[in-house]
Amino acid sequence: MAIYILRRLIGAVLVIFVVSVLTFLIFQLAPRLANVEPAYYYVGKVPPDPAGIAALNHRFGFDLPIPQQYWNWLHGVLFGRYVDDGTSAPIKCNAPCLGYSFRQHLPVTHLIGQAIPVSLSLAVGAAIMWLVGGITVGTISALKRGSFLDRAAMTIALTAVSMPIFFTGPLLLLIFNYKLRWIENPVYVGITQNPVLWLKSMILPWIALAFLFAALYARLTRANMLETMSEDYIRTARSKGLSRRKVVIKHGLRAALTPIVTIFGIDVGTLIGTTVITETVFNLRGLGKISIDSIKSQDLPIIMGVTIVAAMAVVVANIVVDILYAVVDPRVSYS
Amino acid sequence: MSAQPVDVATVDVPAPPAYLSVKDLRVHFPTADGLVKSVDGLSFDVERGEILGIVGESGSGKSVTSQAILGLHKGTSALVTGQIWLDGRELVGAPEDEMRALRGSEMAMIFQDPLSAMHPFYRVGKQISEAYLVHNKVSKAVAKKRVIEMLDRVGIPNPDRRYNDYPHQFSGGMRQRAMIAMALVCDPTLLIADEPTTALDVTVQAQILELMKDLQREFNSAIVLITHDLGVVAETCDHVVVMYGGQCVEAGSVDDIFYGPEMPYTWGLLGSMPRMDRTRQTRLLPIHGQPPSLIRVPSGCVFNPRCSFKDHVPGDLCTTAHPDLLPVSAERAEHVARCHIQPTQRRTLWRNEIQPKL
């Protein structure tokens with residue numbers, strides 16, 4: 001088991017390394033293709049004279065060979081480095097230094113560090129909600145297949161899947177914020193500072209996000225559950241004289257949920273860096289929001305930092321899924 | 001849970017003397033294409049210490065019958081009518097709770113494919129002890145001890161180590177032994193074995209059958225053995241029910257069925273069975289045609305579209321009148337057959353045309 005996990009971790013480090021090289025190359029190529037000085041994407045304006053450009057390029061190290069530039073960047077991630085924003089003495093950017101936003105005069109790591117708790121709160125909270133809701137509805141639907149309850153649940157699920165967050169989000173805000181005034185203009189507060197305010201700020205985004213995913217998971221659970229309940233081992237469980245509850249939960253649901261674990265891990269991992277719309281609608285400064293803002297202001301160091309962090313989230317989620325899968329399904333061998 | 005239709009007229013009927021008695025059992029499944037009559041008017045008796053074989057091809061209603069005895073159709077859309085008496089209790093009309101208490105404790109089942117019949121995520125020992133714990137108020141340690149005893153009894157080596165294995169770590173034969181241990185862990189008096197050896201190779205098959213016979217002698221239980229393998233029936237059973245299209249077409253003792261069968265379908269089954277004790281015949285004799293549709297059951301005799309002896313029956317009786325299941329002669333009342341051909345003529349046909357070709 002330990003060796004299995006270790007091997008997966010080494011693989012993950014390799015994947016992240018490749019992602020960082022690719023990201024680096026893309027952002028090296030982009031200015032060249034757009035025929036813009038790379039420095040433009042760092043400071044927003046470039047001096048008109050060639051000497052000024054050369055000076056700027058030298059300051060950022062764009063005059064160095066590309067491998068050297070990558071090495072400097074990687075060195076910064078691992079050990080920290082000094083950056084020169086041109087206004088004062090070089091600034092120490094502590095490891096893990098993902099770059100420095102010259103627009104905001106802040107290290108990227110600092111910006112991302114502030115965004116991660118928001119994104120995590122959003123993804124994990126919503127995930128718990130949709131998992132519980134989706135699986136409950138899906139299981140009941142499967143057991144009462146063809147009943148009014150089943151058809152109603154699946155119709156709602158279909159509707160929910162087809163409603164985008166930029167519709168449900170403002171709708172929720174309209175009802176609970178502006179009309180009922182139950183939650184007034186929520187602002188994100190860290191869970192460690194004030195759990196109640198944290199909950200208040202997260203509940204609507206959770207519902208918006210969970211509504212969409214719960215629908216998917218309900219349909220998925222229903223389909224898996226229908227298949228599982230016709231398996232031979234369910235007949236065996238019944239012929240042992242087990243209670244219906246035990247047959248359904250211990251024998252049926254346990255097997256039906258295994259494939260859902262895989263999808264769930266990947267969904268949560270992906271969500272951490274990509275909840276752009278939800279974060280925008282509810283004005284949460286998570287990874288999605290800062291990446292969309294940095295794209296708008298063409299602040300390249302942030303875009304690159306967010307890309308790598310989002311890739312890491314997906315990779316880590318995949319490792320967790322693989323390990324969990326080996327735990328829930330004994331047929332998956334570690335070797 | 002849908003209410004089971006209970007035949008009101010039969011409720012007051014006294015319990016029949018046999019240990020397990022199935023009377024006019026019908027299991028119908030409503031589907032979009034029509035009513036599937038999987039079992040249509042089946043009756044048989046089994047005593048304790050006796051092995052009854054139910055033979056027939058796929059779709060003849062063998063497995064559906066066994067599941068009806070265990071009450072596994074309860075809660076589904078299946079319509080079950082008729083009576084099933086087990087030790088003086090009627091089961092078709094019994095509520096699910098009562099059935100659940102009987103399942104696993106008084107009647108148990110062994111399935112065809114032990115790999116798919118065991119839950120892939122739980123340890124073999126746990127699955128068996130689960131069956132024991134439902135019906136016995138004992139600690140987990142006591143259950144474990146009992147399970148290890150049982151695994152040992154069915155011939156699994158190192159039972160205390162194998163207890164912790166998962167089904168996929170067992171070989172096919174070992175898995176079927178474990179299934180038998182699971183079925184017998186509560187000492188059931190009725191054991192239904194649904195094609196228990198079909199998924200196994202021949203040597204393991206013989207061991208498993210021997211084991212079942214041993215255990216049956218030991219516990220004096222009744223066994224219903226469902227199979228399409230006549231060889232297995234000849235080796236193990238006392239009585240045989242031949243099923244075709246959801247009905248019993250012939251029933252009797254093993255000797256009756258193998259040495260004096262009177263129904264053309266049984267002749268066909270015997271003719272299609274490879275035999276080691278005869279000189280090699282040029283070809284096995286297949287029964288031509290396809291099994292009947294259970295939605296549009298052939299009118300008259302169910303077997304008539306495939307029967308090559310229809311010309312021995314006057315008129316179109318075979319295609320218009322459904323033959324009754326009648327004793328073949330007054331002195332052998334337990335040997336019954338469903339055929340329009342006159343009994344004396346059937347015997348002549350068997351002696352002159354069928355038996356010599358086997």
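Protein chains get the first letters and strands the later ones, always in sequence-line order, with residue 1 at the start of each. Quantities reported herein were computed from a predicted structural model and do not represent experimental measurements.
Within a 6.0 Å sphere centred on CD1 of A:Ile3, other residues, nucleotides and ligands contribute 12 heavy atoms or fewer. Heavy atoms of other residues, nucleotides or ligands lying less than 6.0 angstrom from CD of B:Gln169 number more than 12. Counted within 6.0 Å of CE on A:Met163, heavy atoms from surrounding residues, nucleotides or ligands total more than 12; the atom is thus considered enclosed. Remark: A:Arg254 CZ is packed, more than 12 non-hydrogen atoms of other residues, nucleotides or ligands lying under 6.0 Å away.
With rounding to the nearest 0.5 angstrom, the OG atom of A:Ser239 is 7.0 Å from the CE atom of B:Met109. Atoms OH and CG, from A:Tyr233 and B:Leu115 in turn, are 11.0 Å apart once rounded to the nearest 0.5 Å. Within the model, atoms CG of B:Asp194 and CG of A:Asp232 stand 9.5 Å from one another, a figure rounded to the nearest 0.5 Å. The distance from the OG atom of B:Ser116 to the CZ atom of A:Arg235 is 7.5 Å, given to the nearest 0.5 Å.
The side-chain tip of A:Lys250 does not point at the ring of B:Phe121 from less than 6.0 angstrom away and within 45° of straight on.
With no hydrogens or angles considered, no side-chain donor-acceptor pair links B:Gln127 and A:His251 at under 3.5 Å.
Applying the salt bridge (charged side-chain N to carboxylate O under 4.0 Å, His left out) criterion to B:Asp97, with sequence neighbours excluded, gives B:Arg100.
The shortest distance between side-chain heavy atoms of A:Thr236 and B:Met179 falls below 4.5 Å.
Within the 4.5 angstrom heavy-atom criterion, only side-chain atoms of B:Met182, from C-beta onward, approach chain A. Within the 4.5 angstrom heavy-atom criterion, atoms from both the backbone and the side chain of B:Leu72 approach chain A. Looking at B:His119, the atoms closer than 4.5 Å to chain A (heavy atoms on both sides) sit in the backbone and in the side chain alike.
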Taking distance alone, no hydrogens or angles, what donor-acceptor pairs closer than 3.5 Å link side-chain atoms of residues 208-215 of chain A to residues at least two apart or in another chain?
none

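Contact tally against chain A (heavy-atom pairs below 4.5 Å) for B:Pro120, B:Ala131, B:Ala183: the top residue is B:Pro120. With chain A as the partner, the residue from B:His135, B:Arg123, B:Glu130 showing the most heavy-atom pairs under 4.5 Å is B:Glu130.
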